[in-house]
Amino acid sequence: MVRYRTVFTRQALDFICRASDAEMHELDAWFNRIERQPGLPGDYTEVGDAGRELQVTCLPHLAVTHWTDHAVREIRIMKIESVA
């Protein structure tokens with residue numbers, strides 16, 4: 001299976017730059033998982049500004065909004081939020 005790559009919006013990168021070590025560990029584990037299994041559905045969906053269906057994956061302390069672009073094998077991370 002081909003591993004997908006992860007692409008981040010500026011909003012997601014801003015969160016990553018401020019993330020604690022624990023949050024980074026949580027994100028890194030999820031990034032590795034979703035890159036190997038890009039078809040995994042999120043916990044729920046939202047509709048983005050462009051009308052695209054976005055997956056929202058809930059981690060223990062974070063929510064990651066993303067969509068998978070299968071044509072170019074990328075996971076597009078739109079935003080990351082703390083839920084605690």
Side-chain angles (χ1 to χ4, degrees):
M1 175 181 271
V2 176
R3 187 176 176 131
Y4 282 43
R5 69 182 180 142
T6 309
V7 178
F8 303 92
T9 62
R10 179 169 295 278
Q11 182 180 4
L13 283 173
D14 287 346
F15 183 92
I16 289 170
C17 288
R18 298 185 322 268
S20 68
D21 289 344
E23 290 169 331
M24 283 306 303
H25 180 72
E26 198 170 311
L27 286 168
D28 188 51
W30 183 78
F31 293 152
N32 282 317
R33 182 175 177 215
I34 196 73
E35 287 170 355
R36 284 190 297 261
Q37 298 175 303
L40 287 176
D43 296 299
Y44 64 93
T45 60
E46 293 180 345
V47 177
D49 294 339
R52 180 182 312 280
E53 185 176 283
L54 304 173
Q55 300 294 312
V56 181
T57 299
C58 299
L59 305 176
H61 302 99
L62 304 168
V64 182
T65 304
H66 59 95
W67 65 279
T68 302
D69 188 340
H70 293 287
V72 293
R73 295 186 177 119
E74 292 178 342
I75 309 297
R76 308 277 177 111
I77 308 299
M78 306 306 289
K79 66 181 174 181
I80 304 168
E81 303 171 285
S82 292
V83 295

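Heavy-atom basis, side chains included; hydrogens, waters and symmetry copies ignored. Here the structure is a predicted model, which is why all the values come from computation and not from measurement.
Around the CZ atom of R10, the shell of radius 6.0 Å holds no more than 12 heavy atoms that belong to other residues, nucleotides or ligands. Heavy atoms from other residues, nucleotides or ligands lying under 6.0 Å from CG of D21 number 12 at most.
Across C58 and D43, no two heavy atoms sit closer than the pair N-OD2, 2.5 Å. Counting all heavy atoms, side chain and backbone alike, V83 lies closest to P60 at CG2-O, 4.2 Å.
Aromatic rings from F31 and F8 are positioned such that their centres are separated by under 6.0 Å.
M78 places none of its side-chain heavy atoms less than 4.5 Å from the side chain of V56. Here the side chains of E23 and S82 are in contact, with some heavy-atom distance below 4.5 Å.
The side-chain contact (heavy atoms from CB on, under 4.5 Å) test with I80 singles out one residue from D14, I16, T9, L13, and that residue is I16.
Note that CZ of R5 is 10.5 Å distant from CD of E35, once rounded to the nearest 0.5 Å. Atoms CD and OG1, on E81 and T65 in that order, are 5.5 Å from each other to the nearest 0.5 Å. Separation of atoms CH2 (W67) and CD (E74) is listed at 8.0 Å; rounding is to 0.5 Å. Atom CZ of residue R36 and atom CZ of residue R3 lie 5.0 Å apart, to the nearest 0.5 angstrom. Between atom OG1 of residue T6 and atom CG of residue L27 there is a gap of 10.5 Å, rounded to the nearest 0.5 Å. If you take CH2 on W30 and OG1 on T57, they are separated by 4.5 Å, rounding to the nearest 0.5 Å.
Here the side chain of N32 pairs a donor or acceptor atom with the backbone of D28 at under 3.5 angstrom.
Placement of M24 and L62 within a single hydrophobic cluster is found when ILVMFWY residues are connected by side-chain heavy-atom separations under 4.5 Å, directly or transitively. If you chain together hydrophobic residues whose side chains sit under 4.5 Å apart, I75 and L59 fall into the same group.
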